[in-house]
> 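Attaching a single structure in structure tokens format; questions to follow.
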Amino acid sequence: MKQLLILSGKGGTGKTTIASSFIRLAQAEAYADCDVDAPNLHLVTTRTDEGKRTDYHGLAKAVIDQGKCQQCGQCAEHCVFQAIQKKEKGYQVDNYLCEGCAVCTLVCLTEAVSMREMVAGQMVLYEQKPVFSTAQLKMGHGNSGMLVTQVKKAMKKAGREAEVAVIDGSPGTGCPVIASLSGVDMVLIVTEPSLAGMSDLQRIIQTAEIFKPQIAVCINRYDTGLEQTAEIEGFCELYGLPMVGKIPFDARAIAAVNQGKTLIEVEESPASQAIQEVYRKTMELLLHAGKEPEQRENFAEKWLLW
Amino acid sequence: MKIAVLSGKGGTGKTMVAVNLAAVAQEVVYLDCDVEEPNGRLFLEPEATEEQTVKVTIPQIKADLCIGCRKCVDFCRFNALALIEEKAVLFPDVCHPCGGCELLCPVGAVSQQEKIVGYVEKGIIANGKIYTGVLKLGEESGVPIIRELIAKSKQEEVKLTIIDCPPGSACVVMESIQDADYCLLVAEATTFGQHNLAMVYELSKLFGKPCGVVLNKCFTEENPSEEFCLEHNIPILERLTYDEEIGRINGKGGILAKEKAIYAQRFRQLLARIEKEVSCL
Amino acid sequence: MKIAIPSEDRELDSLVADTFGRADYFYVWQEETAEGSWLDNSGIAMQGGAGIKAAQLLIDAGVEVLLAPQCGENAAQVLNQAKIKLYQTQYATVEENLSAFLAGKLTMEITPHASRH
């Protein structure tokens, strides 16, 4: 399986719109949404099958048994996260503040505190071809790297025979992005011509390079800032990063997404045409990416003659 | 009055709205809590900046005292400790300092040390001050930095505070809005925008904060985010249509309200509208 | 010598797991007795420090060599201090990599990546 990850650093650059177009163009047999904090891919990939839902458990959090509690207050005193407070009904744990360190279970004299796993999110796996793996993290459950790993695992397992998998990554440069990067063959970075986009581009490249995948860059809405576009192109040239295309701003693209369509379904759209070009160049690079050269020939035959 | 500006994801124009509101205020304190990508200062261009590091206390293990009993290693829920050749070894970047290892250590081999997780930059702008929180690259949690920012804002006696929150609805956002009087939600006019708006709306409801919406990048008849507002009775305070000039000015770090009189007027109206909403409570 | 490989399933033809710390299983091959066994690492419901925890599991099992696609800095530090050698896998399945290593064909050491959980 060749895995293509689409990343952006900064949010709102059009990552998901491009990912959904790629899934359609490649007729990918497996795809996943790793943006577990704000998953959007399911909104543009209409499925007729039912997804299989499973609860995701995060770190266990403290629960106080009011029947056993002797009101000594040791737990509240030792909680550095200030998650335990005395209320009318006795000592209560604030689930949003509790980080699950379990110090309260250590200091409790009457064993009234225990750690209980909380549902921190939900995973959804559509097993019919094409396989689609996605998840939603519940609000305030912070760190999502583990869930991203699970989403990818589920995709790989159910879509084991797929030759190409497209993965919509999460924004930022933190833990979930690192988790989405591991094991991918290629990363396509979608950026936009703005000051913020530029500074985030550099951060995301630094992060992606850790894993040494093939990296390529495309610029979305390039015509909304020609100066910055030139700057990004210069930057990519300087660092030897392939620029696989520039997509113009196209209001019809947004209209299409609002109707639950992918951009490539819009006829005679300059943006749609540009995306197809980005797709073609990306697939050419993906062909040479990864560790299994013997598979290349077969891959080329199937994926480049479309 | 403290206004928190939020959005369900990045790129909706959250910082654009926040800096423009700050620009039209008479006097303002701007708190940039988007510590992973603090971009407010790129627009507000503060002067006379001073940096102050933010530290947290983490444990330190004295190898010569450690007897290798493994109690701390087995207890640590964050897996920040390993037992290597009969000695406990700490991994500071995974540690959520909870004090557990120190409590458990039978020989007093655990003491405290300080670790820098980022800094707060204070700067002067024409009509007030800006505090920018910056998380060190590779650090996991921005919460201590946001706490420091909130503490700083409490020392300021000013009528208006604008809080530029991190995107999303994670714990860093919760930390940022705790002290706010009003949540201003910025949403794009797309299906994605609506989905993300629903998330931050839930969050402000959870915290019992009054909220209103700025619809950004409107240019189609259909507006899923607007439909969401109507359905849930959320006041729509401003609609910004997409226009190339906004993109251009904003993209190069300019402030609309300073370059275009019409936007100065609109953001003043927006601010007045929020003030009215808050005073009616 | 005990050799460990992170695996997605409990079969010799299972794929090598992408992430060392969050692999569901480790296959451990005891060279002297030519016996293989499985270590269960799937109960790792925790969010951070998975690499450190998994490294500890291998230390406790007396492993001396790890074959993996990559490895985080923290885990690498634990493994290095415990004098466990790290070699990069080149093939898809557990079995292929083990045979390659035993034939002296896996010689590239792993350069650890920053571990941000």
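From a predicted model like this one, the values you see are computed outputs, not experimental measurements. Order of the sequence lines sets the chain letters (A, B, ...), proteins ahead of strands, with each chain counted from 1.
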> In terms of heavy-atom proximity below 4.5 Å to chain A, should P224(B) be classed as side chain, backbone, both, or neither?
side chain

> Quick one: pull up CG in D37(A) and CE in M199(B) and give me the separation to the nearest 0.5 Å.
6.5 Å

> Parallel, tilted or perpendicular for F81(A) and F78(B), by the 30°/60° rule?
perpendicular

> Does NZ belonging to K71(B) count more than 12 external heavy atoms closer than 6.0 Å?
no

> In residues 183-190 of chain B, which residues are in contact with chain A at a heavy-atom separation under 4.5 Å?
A189(B), T190(B)

> Compare every heavy atom of F75(B) with every heavy atom of V103(A), then report the nearest pair and how far apart it is.
N-CZ, 3.7 Å

> Just to verify, what does H195(B) make a ring-ring contact (aromatic ring centres under 6.0 Å, His included) with, not counting sequence neighbours?
H42(A)

> Surrounding CD of Q112(B) (heavy atoms of other residues, nucleotides or ligands, distance under 6.0 Å), is the total greater than 12?
yes

> Does the side chain of M115(A) reach to within under 4.5 Å of the side chain of R77(B), using non-hydrogen atoms?
yes

> For K115(B), does the NZ atom sit with more than 12 other heavy atoms under 6.0 Å from it, leaving out its own atoms?
yes

> Of the listed residues (N40(A), V80(A), L43(A)), which shares the most heavy-atom pairs with chain B below a 4.5 Å separation?
N40(A)

> Could you check which of L42(B), L206(B), V143(B) has the highest count of heavy-atom pairs closer than 4.5 Å to chain A?
L206(B)

> Which atoms of T224(A) come close to chain B, meaning under 4.5 Å heavy atom to heavy atom: side chain ones, backbone ones, both, or neither?
both

> Are F43(B) and L195(A) close enough that some pair of their side-chain heavy atoms sits under 4.5 Å apart?
no

> How far apart are the closest heavy atoms of C98(B) and C101(A), and which atoms are they?
CB-CB, 3.3 Å

> Can you tell me which portion of Q228(A) sits under 4.5 Å from chain B's heavy atoms? Options are side chain, backbone, both or neither.
side chain

> Non-hydrogen atoms of chain A under 4.5 Å away: do they reach the side chain of E202(B), the backbone, both or neither?
both

> So which of G100(A), P193(A), G197(A) has the biggest tally of heavy-atom pairs under 4.5 Å with chain B?
G100(A)

> Measure E231(A) against the heavy atoms of chain B and call it side chain, backbone, both or neither at under 4.5 Å.
neither

> Within the 4.5 Å heavy-atom criterion, are T191(B) and V44(A) side-chain neighbours or not?
no

> Taking atom CZ as the centre, does R47(A) end up with more than 12 heavy-atom neighbours from other residues, nucleotides or ligands that are less than 6.0 angstrom away?
yes

